[in-house]
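FYI, side chains are in, hydrogens and waters are out, and symmetry mates aren't considered; it's all heavy atoms of this structure. Note that the coordinates shown come from a computational prediction; the quantities given were computed from them, not determined experimentally.
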Amino acid sequence: MIKDGLGGANTRTGLVFEGKTDLATFLNSQQSYKVNNQNEVFYNDDLVGQIFKKHSFYKFLESRNIKWQDYISKRLLPDDSIYVIINNTFFAIECKFQQVAC
């Protein structure tokens with residue numbers, strides 16, 4: 001946050017924003033999408049993906065016998081992430097709020 005010269009490390013508005021944004025909530029508001037209690041994503045009743053938050057990403061990797069240490073040097077904790085089954089792709093999503101002077 002730059003407004004009034006304050007640094008981003010001490011802002012509370014960004015944390016509030018991150019708490020209010022949620023991929024599952026967004027997808028549930030989209031036509032033909034539904035996310036269940038296990039964070040499975042369905043499109044027209046077909047399972048198309050899985051959503052993970054923070055540490056649950058590593059549980060997903062462990063369930064597939066993937067040793068993350070072989071690929072990255074430290075743990076990443078994305079705000080949200082989604083595994084898209086149909087193309088075997090994983091997306092990590094970081095939610096940020098920034099306010100700058102105009």
Practice problem: Look at atom CG of Asn37 and say whether more than 12 heavy atoms of other residues, nucleotides or ligands are closer to it than 6.0 Å. | Solution: no
Quiz item: Would you say the side chain of Asp79 lies within less than 4.5 Å of the side chain of Lys54, judging by non-hydrogen atoms?
Solution: yes
Quiz item: So do Val35 and Thr25 actually touch side chain to side chain, heavy atoms under 4.5 Å?
Solution: no
Quiz item: Do Ile51 and Phe60 sit in the same hydrophobic cluster, where Ile, Leu, Val, Met, Phe, Trp and Tyr count as joined when their side-chain heavy atoms come under 4.5 Å apart?
Solution: no
Practice problem: Specify the closest pair of heavy atoms between Ile85 and Gly49, including all atoms of both residues, with the distance to one decimal. | Solution: CD1-N, 3.8 Å
Quiz item: Considering all heavy atoms of both residues, which atom of Leu23 and which atom of Asp80 are nearest to each other, and what is their separation?
Solution: N-OD2, 2.9 Å
Exercise. Flag the pair Phe91 / Tyr83 as yes when at least one side-chain heavy-atom distance between them is below 4.5 Å, and no otherwise.
Key: no
Quiz item: Are Ile86 and Phe52 connected, step by step, through hydrophobic side chains (Ile, Leu, Val, Met, Phe, Trp, Tyr) whose heavy atoms are closer than 4.5 Å?
Solution: no
Quiz item: Closest heavy-atom contact between Ala92 and Pro78?
Solution: CB-CB, 4.0 Å
Quiz item: Please walk me through it: do Phe57 and Phe90 pass ring-ring contact (aromatic ring centres under 6.0 Å, His included)?
Solution: CA-CA 10 Å; Phe57 166 60; Phe90 194 92; 4.6 Å; yes
Practice problem: Only pairs at least two apart or in different chains count here, so list each side-chain hydrogen bond (donor to acceptor under 3.5 Å, both in side chains) that has a residue in residues 40-52. | Solution: Ser32-Asn44, Asn36-Glu40
Practice problem: Could you tell me the separation between the OG atom of Ser56 and the CG atom of Asn39, rounded to the nearest 0.5 Å? | Solution: 7.0 Å
Quiz prompt | Minimum heavy-atom distance Val48-Phe42, with the two atoms named | solution = CG2-C, 4.3 Å
Practice problem: Could you tell me which residues satisfy ring-ring contact (aromatic ring centres under 6.0 Å, His included) with Tyr58, sequence neighbours excluded, listed by chain and number? | Solution: Trp68
Quiz prompt | In one Ile/Leu/Val/Met/Phe/Trp/Tyr side-chain cluster, 4.5 Å: Ile82, Leu77 | solution = no
Exercise. Spell out, yes or no, whether Leu76 and Ile66 are grouped together once hydrophobic residues are joined by side-chain heavy atoms under 4.5 Å, including indirect joins.
Key: yes
Quiz item: With hydrophobic residues grouped by side-chain heavy-atom distances under 4.5 Å, do Leu47 and Tyr33 end up in a single group?
Solution: no
